[in-house]
Amino acid sequence: MLSGATLRHTARGSLHWRASQRYLCHAASAGPLTGKHYDVIMAGGGIMGSSSAYFLAKKLDPSRICVIERDPTYKHASTPLSVGGVRHQFSCPENVQMSMFFMEFLKTMGKELAVPGQDPPDVQFVEGGYLFLASAAGADILRQNYAVQTECNAHVALLSKSELHSKFPWINVDEVELGCLGVRNEGWVDPWSLLRAFRAKAISMGVQYVAGDVTQVQCTDRSVSGVTIAHQNSDDVSTVTCDHLVNSAGPYAADIARMAGIGAAGSDEPVMSVELPVRPRRRFVFAFEQRDGPVTDCPLLVDMSGAYVRREGTSGLFLCGMCPPAEEDIDNAELTVDYEYFDRIWSLLAHRIPVFEGLKMQSAWAGYYDYNTFDQNGIIGRHPVLSNFLFANGFSGHGLQQGAAVGRAICELVCDGQSHSIDLGRLGFERIVNNEPYRERNVV
């Protein structure tokens, strides 16, 4: 699998990455577009924007769909810098259902996203499962989450301390009261391959990708009328009009919202003064080697401490990380790696998995979560005032696995007026306006 680690730190990954950069740069238009009108514009071409473009292109004229991406190489994009996790273990049923749809989509993706003249897309899904551990203090919450997941028909199992020790003898079960294991349809994919598949298919259908920055959003009569684009690698500036604008800008979603007047202090419309609470929050991923570790049966294990680890292949390579404490989790931190942070994770993992005491760190990278500071949950749907401004933001680290469902939902909102395949009403912006958090407790 070409995860973020192997993309950036092996010869095979470097070649793959450079080849993909050439393809994507070639595919993105850079010329002036002033005067053009689109049915839908996506501000951001990551997994949310590209999935939305694909589903919309199945229903609308693809030539009237535009995706604007500031970095068509995706060098710093959130999607390819993730560890590619796919899980059903959430506390909110909508999140369970969206991830379950992704697994359904995955079964036919090779056909659905096939591009003539190219090999069928393969996201290299590894059905390794997730394993969440809980202490006595957290066991009731784990049970509550399990009840939500099984109500949604997810294939998960609760494991007692003795069952954990029997199934995973390499885990130190001290302080562990309970575990929850995904026994089917959980694991990880190659995130870069997934993003590239959606994007390549959308382009092959006729969707226009533009390399540039959205610098202004024009609004008239309580709706978005168009955007201004500063084209990449040129002095060209274009102003185009649209019927719908989808905010799919990932960590930078709040910037797009502000351009539309969302979060503007002193607005005549009180709702317009409510900002989009999405910020770029840095996360580290560390790759390490331990050939004596659980190289064949290690799920993506999430410890009670918040540290996580999963295997990468079966040769002794592992990926790990951990969200920082709130006081250290600042907005828009520079994307450089703090290698001292690894020592914190190492001590926690070595306690839980003693064989990791002798690990050797190999490499590391940093990427951004599009972190929803309000309740760590996705924001999906129309703005209450600007009804043709649509949100697909704030997924706080679980957007990769929900991108397909969100893209389908955006298509349904544009074409049918509501998202009906999955009821996502509780994930709308209205909860921000009403100060009613809908918290996702299982944020990794």
Exercise. What are the two closest heavy atoms between Phe356 and Val309, and how far apart are they?
Worked result: CE1-CG2, 4.0 Å

For this session: State whether the number of non-hydrogen atoms from other residues, nucleotides or ligands found under 6.0 Å of Asp119 atom CG is greater than 12.
Result: no

For this session: Find the distance between CG (Leu317) and CG (Leu359) and round it off to the nearest 0.5 Å.
Result: 11.0 Å

Exercise. Do Asn185 and Met100 have side chains that get closer than 4.5 Å, going by heavy atoms?
Worked result: no

Exercise. Where is the tightest heavy-atom contact between Gly394 and Asn372, given as atom of each residue plus distance?
Worked result: O-CB, 3.3 Å

Problem set entry | Aromatic ring proximity Phe198/Phe105, centre distance under 6.0 Å | yes

Exercise. Is there a side-chain contact between Pro93 and Glu151 (heavy atoms, below 4.5 Å)?
Worked result: no

For this session: Return yes if a side-chain donor-acceptor contact under 3.5 Å exists between Asp221 and Ser223, otherwise no.
Result: no

For this session: Of all the heavy-atom pairs spanning Gly182 and Val156, show the shortest one and how long it is.
Result: CA-CG1, 4.1 Å

Exercise. Taking Ser52 for the side chain and Gly49 for the main chain, is one N or O donor matched with an acceptor at less than 3.5 Å?
Worked result: no

Exercise. Judged by atom type as modelled, is there a donor-acceptor pair below 3.5 Å linking the side chain of Ser248 to the main-chain atoms of Gly44?
Worked result: yes

Exercise. Tell me, do Thr228 and Gln218 make a side-chain contact under 4.5 Å, heavy atoms counted?
Worked result: yes

For this session: Give, for atom CD of Glu186 and atom NE2 of His88, the distance between the pair rounded to the nearest 0.5 Å.
Result: 6.0 Å

For this session: May I ask you to establish whether Arg283 and Tyr371 are in a cation-pi arrangement, using a distance under 6.0 Å from NZ or CZ to the six-membered ring centre and at most 45° from the ring axis?
Result: yes

Problem set entry | CG/Asp343: more than 12 non-hydrogen atoms of other groups inside 6.0 Å | yes

For this session: Starting at CE of Met42, measure out to CD1 of Ile65 and round the result to the nearest 0.5 Å.
Result: 6.0 Å

Exercise. Is there a donor-acceptor pair closer than 3.5 Å between any side-chain N or O of Asn377 and the backbone N or O of Tyr438?
Worked result: yes

Problem set entry | Arg344 side chain vs Glu340 backbone, donor-acceptor pair below 3.5 Å | no

Exercise. Which is it for Val278 and Phe374 under the side chain to side chain contact (heavy atoms under 4.5 Å, CB included) test, yes or no, and what are the steps along the way?
Worked result: CA-CA 8 Å; Val278 175; Phe374 184 69; over 6 Å; no

Exercise. Looking at Asn388, Leu390, Val414, which hits side-chain contact (heavy atoms from CB on, under 4.5 Å) with Val40?
Worked result: Val414

Exercise. Do Trp188 and Val83 have side-chain heavy atoms sitting under 4.5 Å apart?
Worked result: no

Problem set entry | Carboxylate-amine/guanidinium proximity below 4.0 Å for Arg408 and Glu104 | no

Exercise. Below 4.5 Å, heavy atoms only, C-beta onward: do Ser396 and Glu440 meet side chain to side chain?
Worked result: no

For this session: Look at the side chain of Ser387 and the backbone N and O of Pro384, then say whether any donor-acceptor pair between them is shorter than 3.5 Å.
Result: no

For this session: Over 60° means perpendicular and under 30° means parallel, so classify the ring planes of Phe101 and Phe55, tilted if in between.
Result: tilted

Problem set entry | Side-chain touch Gln144/Arg441, heavy atoms, less than 4.5 angstrom | yes

For this session: Kindly say whether Arg70 contributes a backbone atom to a donor-acceptor pair with the side chain of Gln232 at under 3.5 angstrom?
Result: yes

For this session: Would you mind checking if Arg282 and Asp338 are paired as a salt bridge, meaning a charged N to carboxylate O distance below 4.0 Å?
Result: no

Problem set entry | Nearest-0.5 Å distance that lies between atom CD in Glu94 and atom CG in Leu424 | 6.5 Å

Exercise. Quick one: does Ser238's side chain have a donor or acceptor within less than 3.5 Å of a partner on Ile229's backbone?
Worked result: no

Problem set entry | Shortest non-hydrogen contact between Asn145 and Ser91, atoms and distance | OD1-CB, 3.2 Å

Exercise. Is the backbone of Leu413 close enough, under 3.5 Å, to the side chain of Arg382 for a donor and an acceptor to pair up by distance?
Worked result: yes

Exercise. Under the side chain to side chain contact (heavy atoms under 4.5 Å, CB included) criterion, do Glu275 and Ile432 qualify, and how do the steps go?
Worked result: CA-CA 8 Å; Glu275 68 172 0; Ile432 315 296; over 6 Å; no

For this session: Compare every heavy atom of Leu386 with every heavy atom of Ala260, then report the nearest pair and how far apart it is.
Result: O-CD1, 3.4 Å

For this session: Kindly determine whether Phe395 and Leu400 satisfy side chain to side chain contact (heavy atoms under 4.5 Å, CB included), including the steps that lead there.
Result: CA-CA 9 Å; Phe395 295 91; Leu400 175 85; over 6 Å; no

Exercise. Heavy-atom distance under 4.5 Å between the side chains of Asp303 and Leu349, does that happen here?
Worked result: no

Problem set entry | Heavy-atom donor-acceptor pair, Tyr74 side chain to Leu81 backbone, under 3.5 Å | no

Exercise. What is the ring orientation for Phe288 with Phe342, classed by angle as parallel under 30°, tilted 30 to 60°, or perpendicular over 60°?
Worked result: tilted

Exercise. Quick one: is the NZ or CZ of Arg310 closer than 6.0 Å to the six-membered ring centre of Tyr308, and within 45° of its axis?
Worked result: no

For this session: Scan side-chain atoms only and decide if Ser63 and Asp61 contain a donor-acceptor pair under the 3.5 Å cut-off.
Result: yes

Exercise. Where do Tyr54 and Glu112 come nearest, in terms of heavy atoms and distance?
Worked result: OH-OE1, 2.8 Å

Exercise. Is the backbone of Tyr130 close enough, under 3.5 Å, to the side chain of Gln89 for a donor and an acceptor to pair up by distance?
Worked result: yes

Problem set entry | side chain to side chain contact (heavy atoms under 4.5 Å, CB included) between Arg311 and Val295, worked out | CA-CA 6 Å; Arg311 62 181 176 87; Val295 297; 5.8 Å; no

Exercise. Heavy-atom distance under 4.5 Å between the side chains of Met48 and Asn393, does that happen here?
Worked result: no

Problem set entry | Atom pair CG/SG of Leu301 and Cys320 - distance to nearest 0.5 Å | 11.5 Å

Problem set entry | Spatial distance of atom CG (Leu60) from atom CG (Asp39) [nearest 0.5 Å] | 5.5 Å

